[in-house]
2 protein chains.
Amino acid sequence: MKCIQYATQRELALSNTNTTAGHDATRQIRRRIVSGELAPGSRLGQSRLAQELGVSRIPVRDALLQLAGEGLVVLRPNASASVAPLSIGDLEELYELRDLLEPPLCELAVPRLTAADLAAMERELRRMDDSLDPVDWLEANNAFHAAIYERAPRPRMVELVDRIRQLTDRYSRIAHQFNEESARSEHLLMLEAARNAEPARLSALVRAHIASGYETMLTFLADAELEAPRAADGPR
Amino acid sequence: MKCIQYATQRELALSNTNTTAGHDATRQIRRRIVSGELAPGSRLGQSRLAQELGVSRIPVRDALLQLAGEGLVVLRPNASASVAPLSIGDLEELYELRDLLEPPLCELAVPRLTAADLAAMERELRRMDDSLDPVDWLEANNAFHAAIYERAPRPRMVELVDRIRQLTDRYSRIAHQFNEESARSEHLLMLEAARNAEPARLSALVRAHIASGYETMLTFLADAELEAPRAADGPR
DNA sequence: GGTTCATGAAATGTATACAATATGCCACCC
DNA sequence: GGGTGGCATATTGTATACATTTCATGAACC
């Protein structure tokens, strides 16, 4: 009897095999939200999305349910879904969560890092340098951190951190130009700590990385518009 | 212009108003899973569930997607969903998460606790004493802890902890008789710390509470069957 | 002017129907 | 005996259709 391994949500999301229209819709809508193409508070009518994606409303419903679970979409019964709003308070909470979760993952992951992982980190650093738009940069940035964390034997925590980082990405994109430069040098230090197999040092660097990211973000977002750019007078 | 507040998933789950068949199905299936009526690994055929719940497959699909997001159900494209399996490693990870998240919530919540909150804690303590079956006890236990945490101005963390505790409940139910007695005295100490508004002390008590719960659970589950009780020869 | 209420239009929730995929079984072969 | 291939069945994924609810508009009223 061959025993098929359970596929986690994360594994499914990464592999494009066996993809259904629902998963495809999820990915597309998620990207539009993280990229800001769909502004916070925008209405997400099922029919409109279905037409835009060339599918029926059912896969769109699946996608909206999934994204609601990820915290990117807000659902209300019998009413249109909308893109989850942004707020300074939410940003603070998200960074607090990252500060709690990412350092322990570092400590667990560093002793298990392989040469291939270090190479992946270097590759993502280059991708960040070569990135042309904020979304590319954020994707490489997440891949850099994921290359570390995924070695930690804590699948749930890794997936959770991944989701949380995805939520902070919506804020990061707005303050992108401020973050990128300071992040670069910090990333280099992190790579060095990973190479030297220093869990405590990497953990401390990550904490500082998170704190500095939060600070720059906060100073920049303090007077920025977090609500919808008044496309259709905002949703609700 | 009246501005409707965003309803979080948690608020929706608690209020029974405006409920749809999908939400109802979600609650029922969730309860069956947490109670163990649906054993880990059991197949969750959409048609069968739909028939049992007296609805069509669409609300069942919604429910399964929701529960997959909560980590109670495992989905694979084009294949039947199944109840998420249990494992010692997963239990360890869940308790590690609780140990990271619950103490900070205590520190934030204690200074904000009201008399009504303390009364709610006492009420849930009585409910635990009066409970007739493990699931009732677990529900009151969660309500006791939620009465504390919900005062923390961290809605995301509160919801996250709630979800994680729900996942550990599946394990707790198995080792229930071992936990209940030791938990009782710890709960009384926690109530006292809350009454005296001692954040640090409550935080420490919660950490100890989590650790002791984990220990008893582990010694009991070490030789217990975590897989499906061979109802229909396992899942897949 | 602002509020309330009714009404039509739009959007969601759900049921049903069909196509695509996986599952289980059995013959078959090594 | 164990593994392989193919076929019938069961199950999921998606489209469409309809019932129900919400939303937007405007009239009536204070």
Side-chain angles (χ1 to χ4, degrees), chain A residues 1-7 9 12-13 15-29 38 41-68 73-83 232-236, chain B residues 1-7 9 12-13 15-29 38 41-68 73-83 232-236:
Chain A
M1 178 200 294
K2 200 193 303 189
C3 203
I4 305 176
Q5 289 191 327
Y6 285 94
Q9 291 308 103
L12 270 183
S15 75
N16 278 22
T17 69
N18 254 348
T19 190
T20 69
H23 296 152
D24 202 50
T26 306
R27 270 192 293 271
Q28 294 206 37
I29 299 173
L38 289 169
S42 305
R43 280 184 62 161
L44 298 170
Q46 295 178 7
S47 310
R48 188 172 58 80
L49 287 172
Q51 197 171 0
E52 289 178 17
L53 299 176
V55 294
S56 85
R57 278 173 48 213
I58 300 290
V60 172
R61 279 181 67 78
D62 290 358
L64 292 177
L65 266 164
Q66 167 83 27
L67 294 172
V73 160
V74 176
L75 296 180
R76 277 174 317 149
N78 296 316
S80 287
S82 57
V83 178
D233 193 13
R236 146 158 331 283
Chain B
M1 177 199 295
K2 199 192 308 188
C3 202
I4 305 176
Q5 290 190 328
Y6 283 96
Q9 290 308 105
L12 269 183
S15 75
N16 279 20
T17 68
N18 251 349
T19 190
T20 68
H23 296 153
D24 202 51
T26 306
R27 270 192 293 272
Q28 294 205 37
I29 299 173
L38 289 169
S42 305
R43 280 185 61 161
L44 298 171
Q46 296 178 6
S47 309
R48 188 173 58 81
L49 287 172
Q51 196 170 0
E52 288 177 19
L53 299 176
V55 295
S56 84
R57 278 172 47 211
I58 300 290
V60 172
R61 278 181 67 79
D62 291 357
L64 292 177
L65 265 164
Q66 167 83 26
L67 295 172
V73 160
V74 176
L75 297 179
R76 277 175 317 150
N78 296 315
S80 288
S82 58
V83 178
D233 192 13
R236 139 177 344 282

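Letters A, B, ... are given to chains in the order of the sequence lines, protein chains preceding strands, and every chain is numbered from 1. Here the structure is a predicted model, which means the values were calculated and not measured.
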[N] [atom2] sits how many Å from [X] [atom1], rounded?
| X | N | atom1 | atom2 | answer |
| --- | --- | --- | --- | --- |
| B/His23 | C/dG13 | NE2 | P | 8 Å |
| B/Arg48 | D/dT12 | CZ | C1' | 15 Å |
| A/Gln66 | D/dG13 | CD | P | 13 Å |
| A/Asp62 | C/dG13 | CG | C1' | 13 Å |
| B/Leu64 | D/dT11 | CG | P | 14 Å |
| A/Leu53 | D/dT14 | CG | C1' | 14 Å |

task: Answer yes or no: does atom CD of B/Glu52 have more than 12 heavy-atom neighbours from other residues, nucleotides or ligands under 6.0 Å?
output: yes
Kindly say if [X] contacts the phosphate of [N], meaning a side-chain N or O under 4.0 Å from OP1 or OP2.
| X | N | answer |
| --- | --- | --- |
| B/Arg43 | D/dT12 | no |
| A/Gln46 | C/dA10 | no |
| A/Ser56 | D/dT14 | no |
| B/Ser80 | D/dT12 | yes |

Would you indicate which nucleotide in [options] comes nearest to any side-chain atom of [X]?
| X | options | result |
| --- | --- | --- |
| B/Ile58 | C/dA15, D/dT22, C/dT12 | C/dA15 |
| A/Asn78 | D/dT21, D/dT14, D/dC23 | D/dT21 |
| A/Arg61 | C/dA15, C/dG13, C/dT23 | C/dG13 |
| B/Arg76 | C/dT23, D/dC23, D/dT22 | C/dT23 |
| A/Pro59 | C/dA22, D/dT12, D/dT14 | D/dT14 |
| B/Arg57 | C/dG13, D/dA15, C/dA17 | C/dA17 |

statement: Interatomic distance, CD@B/Gln66 vs NE2@B/His23, rounded to 0.5 Å, equals 7.0 Å
message: If you apply the rule side-chain contact (heavy atoms from CB on, under 4.5 Å), what do you find for A/Thr26 with A/Leu64, and how did you get there?
response: CA-CA 7 Å; A/Thr26 306; A/Leu64 292 177; over 6 Å; no
task: Would you check, one step at a time, whether the test side-chain contact (heavy atoms from CB on, under 4.5 Å) holds for A/Val73 with A/Leu75?
output: CA-CA 6 Å; A/Val73 160; A/Leu75 296 180; 3.9 Å; yes
message: Considering every strand and a 4.0 Å limit on heavy-atom distances, what is the contact class for A/Leu44: base, sugar-phosphate, or nothing?
response: sugar-phosphate
task: Check whether any side-chain heavy atom of A/Ser42 sits under 4.5 Å from a side-chain heavy atom of A/Val83, and report yes or no.
output: yes
- request: Name the residue closer to the 5' end of DNA chain D, choosing between B/Ala79 and A/Val55 according to the nucleotide with the nearest heavy atom.
  value: B/Ala79
